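For the single chain, residues carry numbers from 1 onward in sequence order. Computed over heavy atoms, backbone and side chain alike; hydrogens, waters and symmetry mates excluded. What you see is a predicted model; the values in this text were computed from it and never measured.
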Amino acid sequence: MSPEVLERLSSLTPRERDVLQWLVEGKSNKVIAFELSISPRTVEIHRARVMEKMRADSLPSLVRMALAAGITPKGE
């Protein structure tokens, strides 16, 4: 994996990393909000920031980067 992707990951806040983990799991904004005890709107904001910081142009692209970086679904 490229050091560039690792650098992008390191720029995420702990909450953004939490949201990223749930996105890798395939969870919706509402489910993520419930699990993290925050509002769905707050999840949308974190998700947008994750997409921006990771320079991902789509959710599948973001998930591929996360999986390549070793972030796996919790069930695995």
Side-chain angles (χ1 to χ4, degrees):
M1 176 180 31
S2 79
E4 196 173 276
V5 172
L6 288 175
E7 187 176 322
R8 292 177 196 168
L9 270 174
S10 68
S11 74
L12 299 178
T13 66
R15 183 58 90 184
E16 290 167 348
R17 286 186 70 99
D18 290 342
V19 169
L20 176 58
Q21 176 69 53
W22 286 104
L23 291 172
V24 169
E25 300 242 352
K27 303 299 182 189
S28 69
N29 288 353
K30 285 184 180 181
V31 170
I32 296 169
F34 176 79
E35 293 294 333
L36 298 178
S37 301
I38 57 178
S39 77
R41 177 66 184 134
T42 302
V43 172
E44 290 173 16
I45 292 167
H46 287 310
R47 182 177 175 159
R49 288 185 181 149
V50 169
M51 295 287 288
E52 182 182 330
K53 287 181 179 181
M54 293 298 293
R55 297 184 194 145
D57 55 1
S58 66
L59 182 59
S61 172
L62 177 67
V63 171
R64 277 192 300 274
M65 277 190 262
L67 290 172
I71 297 174
T72 58
K74 290 179 180 162
E76 293 185 9

Undergrad: Test of understanding: clusters of I, L, V, M, F, W, Y form through side-chain heavy atoms closer than 4.5 Å, transitively. Do Val50 and Leu59 belong to the same one?
TA: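 Looking at the clustering, Leu59 is in the same group as Val50.
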Undergrad: Counting only pairs under 3.5 Å, give me each side-chain donor-acceptor contact of residues 27-38, with atom names and distances, residues two or more places apart or in other chains.
TA:
residue	atom	partner	partner atom	Å
Ser28	OG	Val31	N	3.3
Asn29	OD1	Arg47	NH1	2.9

Undergrad: Take a 6.0 Å sphere around CZ of Arg49 and say whether it holds more than 12 heavy atoms from other residues, nucleotides or ligands.
TA: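 Open: at most 12 neighbouring heavy atoms sit under 6.0 Å from CZ of Arg49.
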Undergrad: Apply side chain to side chain contact (heavy atoms under 4.5 Å, CB included) to the pair Leu67 and Ile71, showing each step before the final yes or no.
TA: CA-CA 5 Å; Leu67 290 172; Ile71 297 174; over 6 Å; no
Undergrad: Please determine whether side chain to side chain contact (heavy atoms under 4.5 Å, CB included) holds for the pair Leu12 and Val19, giving the CA-CA distance in whole Å, both sets of side-chain angles, and the decisive distance to 0.1 Å.
TA: CA-CA 10 Å; Leu12 299 178; Val19 169; over 6 Å; no
Undergrad: Between Thr13 and Arg17, is any pair of side-chain heavy atoms under 4.5 Å apart?
TA: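 No, side chains not in contact.
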Undergrad: Taking atom CE of Met65 and atom CG of Leu20, what is their separation to the nearest 0.5 Å?
TA: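 The CE atom of Met65 sits 9.5 Å away from the CG atom of Leu20.
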Undergrad: Just grab all the side chain to side chain donor-acceptor pair (under 3.5 Å) pairs involving residues 51-66, residues at least two apart or on different chains.
TA: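 Qualifying pairs, neighbours excluded: Glu16-Lys53.
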Undergrad: Locate the shortest heavy-atom distance separating Leu62 from Leu23; write the atom from each residue and the value.
TA: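 Result for this residue pair: CD2-CD1, 4.0 Å.
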Undergrad: Taking only residues two or more places apart in sequence, or in another chain, which ones meet Glu7 in a salt bridge (charged side-chain N to carboxylate O under 4.0 Å, His left out)?
TA: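 Glu7 satisfies salt bridge (charged side-chain N to carboxylate O under 4.0 Å, His left out) with no other residue.
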Undergrad: If you round to the nearest 0.5 Å, how far is CD of Glu44 from OG of Ser39?
TA: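 With rounding to 0.5 Å, OG (Ser39) is 8.0 Å from CD (Glu44).
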